[in-house]
2 protein chains.
Amino acid sequence: MAASPLISGLMEALRTLPGVGPKSAQRMAYHLLERDREGARNLAGALTAAVDKVGHCQRCRTLSETELCTLCADTGRDRSLLCVVESPADVEAMEQYTDYRGLYFVLGGHLSPLDGIGPEAIGLDRLEALLDEGEVAEVVLATNPTVEGEATAHYIGELVRPRGITITRIAYGVPLGGELEYVNGDTLSHAFSGRREV
Amino acid sequence: MAASPLISGLMEALRTLPGVGPKSAQRMAYHLLERDREGARNLAGALTAAVDKVGHCQRCRTLSETELCTLCADTGRDRSLLCVVESPADVEAMEQYTDYRGLYFVLGGHLSPLDGIGPEAIGLDRLEALLDEGEVAEVVLATNPTVEGEATAHYIGELVRPRGITITRIAYGVPLGGELEYVNGDTLSHAFSGRREV
Ligand SMILES: [Zn+2]
Ligand SMILES: [Zn+2]
């Protein structure tokens with residue numbers, strides 16, 4: 001290893017990014033130091049600002065630097081529809097590829113009793129409180145079509161049902177075992193319009 | 001776009017990294033904010049430290065945070081051999097895959113008259129001064145086997161020849177049109193041991 005400690009340290013830090021192995025980390029580090037120091041400074045600033053200021057929306061739990069996220073603060077959205085997803089990236093995917101115009105609830109994961117992830121860890125107490133406000137008429141379950149996502153959707157269905165709220169699940173166009181955020185747009189769009197009551 | 005300004009800003013900043021498109025940038029941003037804020041802070045610090053403190057070795061011009069890089073400061077290296085490469089990543093590749101034990105000279109590019117990159121921009125005045133110190137007995141030309149790399153090697157050969165110093169060029173095992181830093185180790189190792197006098 002001929003690289004100096006600070007350069008090696010930068011390569012190591014870059015490897016914490018998902019999908020970045022030793023070779024890409026090296027390429028990135030040299031690129032930034034040789035050709036784009038302004039970009040490196042800018043990235044450092046963007047990382048610090050985001051980590052310091054981005055928290056969670058108090059209504060839907062997605063990542064947000066304001067108390068209410070852009071979508072929850074948007075008075076043009078249909079507040080009678082609530083789509084439950086596992087992650088903020090899933091919100092992005094729904095917004096980009098479907099014509100859904102309601103609001104979201106972001107679990108931040110799925111139930112996983114063996115890992116100690118119970119209902120409160122994925123905000124289901126908050127979800128119940130939201131449903132009790134009485135505005136929501138339909139809950140669209142859009143958890144990942146994995147075993148855990150299915151189990152979580154089923155559990156949430158049982159919470160919603162007694163409240164007399166319509167429950168739908170997005171259709172299986174999404175490949176089983178896949179993750180919502182990596183599905184292509186057409187598939188996701190198709191799955192959304194083919195959602196069925198459960 | 002449902003992401004807040006700071007999150008969008010982070011995604012945009014990540015896209016300045018080579019090989020990172022919009023989808024990977026999104027994945028990285030959410031990964032850091034949802035699961036690895038410590039990693040994000042650490043990366044910000046590593047970027048800032050490297051950009052602030054990494055300059056160039058005063059002898060070989062590679063990236064270094066000290067006046068002399070690790071290799072130039074290593075008294076165990078053979079100072080009669082000088083390998084001329086285009087970039088710091090090429091030094092890494094040579095160190096990793098060959099048994100070369102001499103020193104380096106890093107051009108930081110290649111001659112490109114149309115882009116206004118002449119001999120001084122790639123440090124050839126510094127190279128001549130180094131050769132005139134009299135320690136170097138063999139110059140190994142290891143520029144990329146591209147048209148520009150070849151032209152640069154030829155130009156340097158003409159500078160070195162009048163000084164009575166042996167000039168070698170690493171062998172063409174390296175695929176033509178390729179870049180040294182992406183060549184597999186065996187090929188590079190073979191090319192190095194098959195270097196010939198020019
Ligand atoms: Zn929200
Ligand atoms: Zn050096």
Side-chain angles (χ1 to χ4, degrees), chain A residues 1-7 9-14 16-20 23-24 26-34 36-54 57 62-66 69-71 87-89 91-92 94-96 104 108-109 181-182, chain B residues 1-7 9-14 16-20 23-24 26-34 36-54 57 62-66 69-71 87-89 91-92 94-96 104 108-109 181-182:
Chain A
M1 193 57 165
S4 68
L6 287 178
I7 302 175
L10 175 55
M11 290 176 192
E12 226 169 280
L14 284 163
T16 62
L17 295 172
V20 176
K23 198 72 197 168
S24 329
Q26 190 197 62
R27 195 170 144 229
M28 289 172 174
Y30 284 131
H31 170 83
L32 292 172
L33 290 171
E34 290 180 280
D36 193 12
R37 293 195 177 218
E38 197 46 45
R41 268 188 217 289
N42 182 42
L43 177 54
L47 284 162
T48 306
V51 167
D52 284 349
K53 293 181 192 145
V54 173
C57 172
T62 199
L63 290 166
S64 173
E65 66 240 37
T66 46
C69 72
T70 332
L71 294 173
S87 78
V91 173
E92 287 285 323
M94 290 288 298
E95 287 297 296
Q96 193 177 350
Y104 293 90
E181 70 172 291
Y182 299 117
Chain B
M1 193 58 163
S4 68
L6 287 178
I7 302 175
L10 175 55
M11 291 176 193
E12 226 169 279
L14 285 163
T16 63
L17 295 172
V20 176
K23 197 72 197 168
S24 328
Q26 191 198 63
R27 193 169 145 232
M28 288 171 174
Y30 285 131
H31 170 83
L32 293 172
L33 290 171
E34 291 180 280
D36 194 13
R37 294 194 175 219
E38 196 47 42
R41 268 188 216 289
N42 182 42
L43 176 54
L47 285 162
T48 305
V51 167
D52 285 348
K53 293 181 192 145
V54 174
C57 172
T62 199
L63 290 167
S64 173
E65 66 241 36
T66 45
C69 72
T70 331
L71 294 173
S87 77
V91 173
E92 287 284 323
M94 289 290 296
E95 287 296 297
Q96 195 177 349
Y104 294 91
E181 70 172 291
Y182 299 117

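Just so we're clear, the structure is a prediction, and the values are computed from it rather than from any experiment. Just so it is clear: chains get the letters A, B, ... in the order the sequence lines come, proteins before strands, and each one is counted from 1.
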Checking A:Glu65 against chain B: side chain, backbone, both or neither under 4.5 Å from a heavy atom?
-> both

Measure A:Thr66 against the heavy atoms of chain B and call it side chain, backbone, both or neither at under 4.5 Å.
-> neither

Atom [atom1] in [X], atom [atom2] in [Y]: separation rounded to 0.5 Å?
| X | Y | atom1 | atom2 | value |
| --- | --- | --- | --- | --- |
| A:Cys57 | A:Tyr104 | SG | OH | 13.0 Å |
| B:Ile7 | A:Thr62 | CD1 | OG1 | 6.5 Å |
| A:Met94 | A:Leu71 | CE | CG | 11.5 Å |
| A:Leu6 | B:Thr48 | CG | OG1 | 11.0 Å |
| B:Leu14 | B:Leu43 | CG | CG | 8.0 Å |
| A:Met28 | A:His31 | CE | NE2 | 9.5 Å |

Option that, when pairs with chain A are counted at under 4.5 Å, heavy atom only, ranks first among [options]:
| options | answer |
| --- | --- |
| B:Thr16, B:Leu33, B:Asp52 | B:Leu33 |
| B:Ala29, B:Gly9, B:Ala13 | B:Ala13 |
| B:Ser64, B:Pro88, B:Ala50 | B:Pro88 |
| B:Asn42, B:Asp36, B:Leu47 | B:Leu47 |
| B:Ala49, B:Ala44, B:Gly109 | B:Ala44 |

Find the one option among A:Gly39, A:Ala40, A:Gly108, A:Gly19 whose heavy-atom pairs under 4.5 Å with chain B are most numerous.
-> A:Ala40

May I ask you to name which of A:Ala46, A:Pro18, A:Pro5 has the most heavy-atom pairs under 4.5 Å with chain B?
-> A:Pro18

Engaged part of B:Leu32 at the chain A interface, taking heavy atoms whose separation is under 4.5 Å = side chain

Please indicate whether B:Lys53 has more than 12 foreign heavy atoms, meaning atoms of other residues, nucleotides or ligands, lying under 6.0 Å from its NZ.
-> no

